[in-house]
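Atoms within a ligand are numbered from 1 in the order they appear, just like the ligands themselves. Throughout, numbering of the chain's residues begins at 1 and tracks the sequence. When reading the values below, keep in mind they use all heavy atoms of this one structure, side chains included, and skip hydrogens, waters and symmetry mates.
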Amino acid sequence: MIYADHNATTPVDPDVKAAMAHALDAGFGNASSLHSAGQEARRLVERARAQAAALIGAQPDEIVFTSGGTEADNLAVLGVAQAAAPESSGVVTSQIEHQAVLAPCQHLQALGRPVTFLPVDADGRLAAGVLADAARPGVALFTVMLANNETGAIQPLTEVVKAALACGAVVHTDAVQAVGKLPVDVKTLGVSLLSFSSHKLHGPKGAGALWIRRGCALAPRLHGGRQERSLRPGTENVPAIVGFGKACELASARLAADSRRLTLMRDRFEARILGRIPGARINGAVGAEVRLPNTSNLAFADCDGEAITINLDMLGLAASNGAACSAVDHAPSHVLLAMGQSAAVARSAVRFSFGRDNSDEDIDRAVDLVVQAVALVRKAAA
Ligand code: PLP
């Protein structure tokens with residue numbers, strides 16, 4: 001099986017597994033306990049915090065560990081809105097966010113808070129001019145993802161930060177797909193909150209983090225003990241946090257080389273697919289500076305993306321027809337619809353997302369399998 005669904009999740013790196021096995025054993029203590037077993041667990045958690053911080057150019061004490069990207073996004077969006085005065089708790093987001101941001105924004109809207117969902121252009125990037133209109137008094141938070149999980153489109157965050165500054169709002173970015181694939185430095189991004197997730201960068205599931213700039217006001221979502229500065233109470237999941245930290249350390253070391261290699265592989269994959277399959281085209285931005293290096297979202301005319309994905313699985317290639325968490329509801333992708341595509345084109349899309357475990361041979365074989373799967377689906381529909 002060739003695995004080309006790294007935006008859904010990634011295989012756990014062997015070095016991460018080893019670090020987690022050590023933590024399960026030597027770090028079994030409660031990290032809040034005073035005895036030496038507890039202190040060893042604390043030491044492991046704090047090392048992971050430093051590793052996670054280093055990957056995004058942050059200070060360790062600005063990192064709050066969570067159960068993953070979804071919890072980090074909810075803490076950021078709901079936490080900022082709740083900490084703001086009700087009359088100035090508006091939120092601005094985009095139509096192409098992951099459900100982990102869209103759903104808390106919709107929840108705030110249902111509670112009567114003003115929420116603006118900004119449109120995107122045909123490339124899947126925030127449409128020109130929409131930010132200035134959205135920057136009004138009464139907005140507490142802009143939350144715009146750094147890179148989209150379906151198309152890989154990188155969003156113009158510098159512009160978002162400029163607009164937010166103009167109306168005194170803070171900026172959160174869901175960087176779950178970007179961290180580990182792009183160089184991310186919170187100091188240059190200029191945002192105040194950033195979410196990232198372990199299982200997207202070869203760490204275990206069930207760990208993630210919200211980076212919170214010092215001084216940024218945030219209300220907790222959970223109430224309990226004083227772990228994670230009371231912003232995320234509950235006994236720490238030491239092995240998952242340790243695995244996340246190790247995965248961040250590995251990503252820091254490999255990012256530049258992985259990204260160069262993935263770009264070449266992805267571009268070769270696309271060139272060959274476009275050359276061999278009539279009616280195939282790329283969805284979204286294609287420039288290297290505006291798209292994740294590993295992501296390829298392709299539409300296949302007169303095909304059902306789900307049928308292609310199922311055929312590919314039988315042939316030995318794991319891909320995805322949309323975000324993994326919405327693949328079950330059969331609705332056309334809200335991201336592709338927001339880009340102005342018809343429901344038929346959106347339904348014909350398949351996302352291929354490559355990773356550091358893929359080889360050049362995988363790419364060549366993947367092209368052959370996609371050619372076969374599309375031919376099978378077209379023949380069945382004829
Ligand atoms: N945000 C984005 C952009 C994602 O792609 C995902 C996962 O697919 C999430 C948030 C949710 O992260 P997690 O699975 O760690 O909860």
Ligand-side contact atoms (ligand 1) for residue partner [X], heavy atom cut-off under 4.0 Å:
X: Gly68; result: 15 (O)
X: Gln177; result: 3 (C), 4 (C), 5 (O)
X: Asn149; result: 3 (C), 5 (O)
X: Thr70; result: 11 (C), 12 (O), 13 (P), 16 (O)
X: His199; result: 13 (P), 14 (O), 15 (O)
X: Met145; result: 3 (C)

Pairs of nitrogen or oxygen atoms closer than 3.5 Å, one from [X] and one from ligand 1: do any exist?
X: Glu71; value: no
X: Gly69; value: yes
X: Ser197; value: yes

Side chain or backbone of [X] under 4.0 Å from ligand 1, or both, or neither, by non-hydrogen atoms?
X: Asp73; result: side chain
X: Lys205; result: neither
X: Asp174; result: side chain

Do Glu97 and Ser94 pair up side chain to side chain, a donor and an acceptor below 3.5 Å, judged on atom types alone?
yes
Donor-acceptor side-chain pairing of Arg266 and Ser296 below 3.5 angstrom
no
Measure the distances from the heavy atoms of Gln99 to every atom of ligand 1 and state whether one is below 4.0 angstrom.
no
Under a 4.5 Å side-chain heavy-atom rule over Ile, Leu, Val, Met, Phe, Trp and Tyr, are Leu193 and Leu157 clustered together?
no
Shared ILVMFWY cluster between Phe65 and Val12, side chains joined below 4.5 angstrom?
no
Could you go through the side chain to side chain contact (heavy atoms under 4.5 Å, CB included) check for Ile2 and Asn358 one step at a time?
CA-CA 8 Å; Ile2 300 170; Asn358 290 131; 4.0 Å; yes
Arg365 atom CZ, neighbour heavy-atom count above 12 within 6.0 Å
no
Does any N or O in the side chain of Gln155 come within less than 3.5 Å of the main-chain N or O of Gly124, such that one atom is a donor and the other an acceptor?
yes
Dump the intermediate steps for side-chain hydrogen bond (donor to acceptor under 3.5 Å, both in side chains) on Asn7 and Thr295, then the final yes or no.
CA-CA 8 Å; Asn7 287 11; Thr295 306; 3.1 Å; yes
Parallel, tilted or perpendicular: which fits the ring planes of His6 and Tyr3, with parallel below 30° and perpendicular above 60°?
perpendicular
